[in-house]
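Starting from 1, each residue takes its place in the sequence as its number. Order of listing sets the numbers, starting from 1, for every ligand and every atom in it. From a predicted model like this one, the values you see are computed outputs, not experimental measurements.
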Amino acid sequence: MTTSTQSNHSDQRKQSDPATSGQDDIILDIRHLKKYYPVYKGFLKKVVGHVKAVDDVSLFVRKGETLGLVGESGCGKTTLGKTIVRLHQPTAGELRYRFEDGGMRDILKLNREESFQIRKKIQIVFQDPYSSLNPVKTIYESFDEPLRKHNMGNRAERKAIISRLLESVNLRPEYMYRYPNEFSGGQRQRICIARALCINPDVIVCDEPVSALDVSIQAQVLNLMKDLQQELKLTYIFIAHDLSVVEYMSDRIAVMYLGQVVELAESGALYQTPQHPYTEALLSAVPTPDLNKKKDRIVLKGDVPSPVNPPGGCRFHTRCHLCQDRCRTEIPALRKVKGTDDHFVACHLAETEDAI
Ligand code: SF4
């Protein structure tokens, strides 16, 4: 029986540590990452609590894979993505990245110059292509800025890079002289993807990249992202609430609830044999194309509790239809599911291997 948060995450730590898991294809190893936001009150703006948006998350990402992050709004997936690209400074934890010499180092401990260099290796594509591009700058100007910042060629070379990038997302090079309002939503998102690629990143955090787009063009953008991934050997962290989209894109998927990972597995295993009641509930709401196959929908009771004061024990216990007494007091560790290599779940009722 485990009752403290620290000890309960020893399994996550084990599975996320390349040294212990023997996986040298890991490009990013996130350890015990936390992002808390202070809550202020009163005239003196006294800190009265913290929003625990990301609370002790440990995950690794393999080079060339797509790791999907799913969960309801407010579960912390976007905060986790933004913390990985350092748009938010983490409250605690480590972000270990594999450097060109093969070694892994915590990028939160780098000096200013190293930090600047590493930032170009991890880029982000945002959900809303309408607000991601500066409306008063041409596409050329928007692309040229990061290229110049990272000393990538002279003017002619930079122009050639921008031409190639636009072609790689199936847009004409001469479009570089146009303004964002001259493009459709799908074209703008392709431009945003090209801009994220301009400084040769290894990892791209894709934060709901198609959810603001018309359904008819979502597949186009997703297929383009897959092609670019193969061609450029990119690693994606793919954040979405649409489970069908995540299944289509991801090799492995992490399910988040109230700032924590509650299940992590290969995409096929997660969809076919979900182990966590929350994952089961999310999947039961996905419509199936086979009309003869009826699914029993699991309706979650109540709302997601406040991340300022999350429930004790299992954080999901207030909404879980399988909740038992121990769930209210004992924190379930993220443990390996029995008989699997790569399937982890945090639930007392799941058949897992003993704590390591
Ligand atoms: Fe439900 Fe208990 Fe499992 Fe939490 S630990 S998901 S409350 S059964």
Side-chain angles (χ1 to χ4, degrees), residues 1-16 32-34 51-59 68-77 80 241 243 246-247 252-286 295-356:
M1 180 191 303
T2 37
T3 50
S4 81
T5 307
Q6 191 59 44
S7 61
N8 271 320
H9 288 276
S10 62
D11 291 13
Q12 288 184 52
R13 167 87 190 207
K14 273 273 187 204
Q15 60 90 9
S16 69
H32 303 293
L33 200 73
K34 293 182 183 178
V51 174
K52 295 167 182 164
V54 173
D55 199 8
D56 202 1
V57 165
S58 294
L59 281 174
L69 288 182
V70 293
E72 290 163 289
S73 299
C75 70
K77 53 191 192 302
L80 176 59
H241 64 273
L243 289 154
V246 178
E247 183 185 20
R252 290 186 306 133
I253 296 172
V255 181
M256 290 187 71
Y257 185 77
L258 265 185
Q260 296 187 327
V261 173
V262 294
E263 187 160 4
L264 171 67
E266 281 182 5
S267 181
L270 191 100
Y271 280 78
Q272 277 149 34
T273 52
Q275 299 290 318
H276 197 282
Y278 179 58
T279 314
E280 282 183 310
L282 289 181
L283 292 176
S284 77
V286 178
K295 273 203 233 170
D296 290 330
R297 174 123 193 229
I298 303 167
V299 180
L300 291 175
K301 44 184 185 179
D303 294 323
V304 183
S306 163
V308 177
N309 208 357
C314 171
R315 287 192 176 182
F316 186 57
H317 85 253
T318 53
R319 302 173 80 200
C320 181
H321 66 291
L322 300 175
C323 177
Q324 303 183 347
D325 281 349
R326 64 184 293 210
C327 304
R328 296 188 182 91
T329 51
E330 293 171 30
I331 301 168
L334 191 66
R335 289 185 181 146
K336 195 188 276 188
V337 175
K338 242 186 194 158
T340 69
D341 287 333
D342 223 358
H343 196 152
F344 297 84
V345 66
C347 173
H348 293 308
L349 300 193
E351 262 199 72
T352 55
E353 292 180 1
D354 290 340
I356 301 163

- For the side chain to side chain donor-acceptor pair (under 3.5 Å) test, which of Glu263, Glu266, Gln275 pairs with His343?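 Passing option: Glu263.
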- Query: For the residue pair Met256 and Val261, what are the closest heavy atoms and their distance?
  - Reply: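 Heavy atoms of Met256 and Val261 come nearest at CG-CG2, 4.2 Å.
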- Query: Can you name the nearest heavy-atom pair linking Asp56 to Lys34, along with the distance?
  - Reply: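 What the structure gives for the nearest pair is N-CG, 3.4 Å.
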[X] heavy atoms, cut-off 4.0 Å: which ligand 1 atoms fall inside?
| X | result |
| --- | --- |
| Cys347 | 3 (Fe), 5 (S), 6 (S), 8 (S) |
| Cys320 | 1 (Fe), 6 (S), 7 (S), 8 (S) |
| His317 | 7 (S) |
| Cys327 | 2 (Fe), 5 (S), 7 (S), 8 (S) |
| Leu349 | 8 (S) |

- Is there side-chain contact between Leu258 and Pro311, with at least one heavy-atom pair below 4.5 Å?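 Side-chain contact under 4.5 Å: yes.
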- Query: Have His317 and Gln324 got a donor and an acceptor in their side chains that come within less than 3.5 Å?
  - Reply: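 Short answer, no.
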- Message: Side chain, backbone, both or neither: which applies to His276 and ligand 1 if a contact is any heavy-atom pair less than 4.0 Å apart?
- Response: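 Near ligand 1, His276 shows its side chain, while the N, CA, C and O stay back.
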- Give the intermediate values and the outcome of ring pair (Phe, Tyr, Trp, His ring centres under 6.0 Å) for residues His276 and Phe316. CA-CA 10 Å; His276 197 282; Phe316 186 57; 5.7 Å; yes
- When you measure from atom 5 (S) of ligand 1 to every protein heavy atom, which one gives the shortest distance, and what is it?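 It is His348 N, 3.3 Å.
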- Query: Got a sec: is Cys314 within less than 2.8 Å of atom 4 (Fe) of ligand 1 via an N/O/S atom?
  - Reply: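 It does: Cys314 brings an N, O or S atom closer than 2.8 Å to atom 4 (Fe) of ligand 1.
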